[in-house]
Amino acid sequence: MPHHSRLSTFVLDCQVEDLAPHVEFWRQALGKPVKPLPPEDDDGRYAVLDTADDEPVLMLQKVDQASRIHLDIEADDVDAEVARLERLGAVRVEQVKTWWVMQAPSGHRFCVVRPQRTPMGPHRNTWD
């Protein structure tokens with residue numbers, strides 16, 4: 001059965017004590033308001049800028065490792081997408097809640113996540 005995936009999110013990993021001033025910087029730099037988070041995610045570790053439906057999501061995330069940017073790939077079948085990417089040479093690093101942190105052959109980390117916005121739209125890929 002085919003599944004679908006697409007680029008979903010640019011995640012700014014921030015090795016900082018307080019995420020708030022960094023959210024404010026990116027809010028002003030990009031001219032995007034901060035999107036309210038659901039209560040279960042509003043713990044000071046995450047923030048999302050409010051992007052248009054045809055733009056990738058832009059998330060800031062407080063982390064313990066060095067600051068960097070990583071990509072999220074959303075898929076309607078996370079397990080099938082992880083398996084497809086493993087066949088291309090990626091490796092699983094860690095499962096976190098409902099998503100997988102993976103590493104590309106180049107050493108770059110990325111995540112495979114459930115759909116972040118529906119519908120997935122015209123930019124989705126279909127995989128067998």
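Here, residue 1 is the first one in the sequence, and each next residue gets the next number.
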Exercise. If two hydrophobic side chains count as joined below 4.5 Å and joins carry through other members, does V96 share a cluster with V113?
Worked result: yes
Seminar exercise, completed: Between the NE2 atom in H108 and the CD1 atom in I69, the distance rounded to the nearest 0.5 Å is 11.0 Å
For this session: Could you tell me whether the side chain of I73 reaches within less than 4.5 Å of the side chain of L7, counting heavy atoms only?
Result: no
For this session: Would you kindly say whether D13 and H70 are connected by a side-chain donor-acceptor distance under 3.5 Å?
Result: yes
Exercise. When clusters are formed by joining ILVMFWY residues with side-chain heavy atoms under 4.5 Å apart, either directly or through shared neighbours, do V16 and L49 land in the same one?
Worked result: yes
Problem set entry | V82/D79 under side chain to side chain contact (heavy atoms under 4.5 Å, CB included): CA gap, chis, key distance, verdict | CA-CA 5 Å; V82 166; D79 293 334; 5.7 Å; no
Problem set entry | Heavy-atom closest pair, residues V93 and M102 | CG2-C, 3.9 Å
Seminar exercise, completed: Note: A90 and F110 closest approach over all heavy atoms is CB-CZ, 4.0 Å
Problem set entry | Salt bridge flag under 4.0 Å for residues R114 and E74 | no
Problem set entry | Distance in Å, T51 OG1 paired with L30 CG, rounded so as to fall on 0.5 Å steps | 10.5 Å
For this session: Heavy atoms only: give me the nearest M120-P115 pair and the separation to one decimal.
Result: SD-CG, 4.4 Å
Exercise. What closest approach, in Å, do Q15 and A66 show between heavy atoms, and which atom pair accounts for it?
Worked result: OE1-CA, 3.6 Å
Problem set entry | same_hphob_cluster(V48, F25) at 4.5 Å side-chain heavy-atom cutoff | no
For this session: Give the C-alpha distance, both sets of side-chain angles, the deciding distance and a yes or no for side chain to side chain contact (heavy atoms under 4.5 Å, CB included) between N125 and H4.
Result: CA-CA 5 Å; N125 298 298; H4 304 94; over 6 Å; no
Problem set entry | Residues, nucleotides or ligands: over 12 heavy atoms within 6.0 Å of E17 CD | no
Problem set entry | Value rounded to 0.5 Å, distance of NE2 in H22 from OG in S67 | 8.0 Å
Exercise. Do T9 and P56 have side chains that get closer than 4.5 Å, going by heavy atoms?
Worked result: no
Problem set entry | Heavy-atom side-chain proximity of F10 to L71 below 4.5 angstrom | yes
Exercise. Would K62 and C14 satisfy side chain to side chain contact (heavy atoms under 4.5 Å, CB included), going step by step from the backbone distance to the final call?
Worked result: CA-CA 5 Å; K62 186 176 169 181; C14 303; 5.7 Å; no
Seminar exercise, completed: In this structure, CG of L58 is separated from CH2 of W26 (nearest 0.5 Å) by 7.5 Å
Seminar exercise, completed: Smallest heavy-atom separation, W100 atom then V78 atom, equals CD1-CG1, 4.2 Å
Exercise. Quick one: do V34 and L19 end up in the same hydrophobic cluster if we chain Ile, Leu, Val, Met, Phe, Trp and Tyr together by side-chain heavy atoms under 4.5 Å apart?
Worked result: yes
Exercise. Do R92 and E86 come close enough that some side-chain heavy atom pair is under 4.5 Å?
Worked result: yes
Exercise. With distance as the sole criterion, is a donor-acceptor pair present between the side chains of E81 and H3 under 3.5 Å?
Worked result: yes
Exercise. Are any of the side-chain heavy atoms of D50 and K32 separated by less than 4.5 Å?
Worked result: no
For this session: Evaluate the side chain to side chain contact (heavy atoms under 4.5 Å, CB included) criterion for residues S5 and W127: first the C-alpha distance (whole Å), next the side-chain angles of each, then the deciding distance (0.1 Å), finally the verdict.
Result: CA-CA 8 Å; S5 67; W127 310 104; 2.8 Å; yes
Exercise. Hey, what do you get for CD (E55) to CZ (R117), rounding to the nearest 0.5 Å?
Worked result: 7.5 Å
Problem set entry | Distance, nearest 0.5 Å, that separates CG of L12 from CE of M59 | 10.5 Å
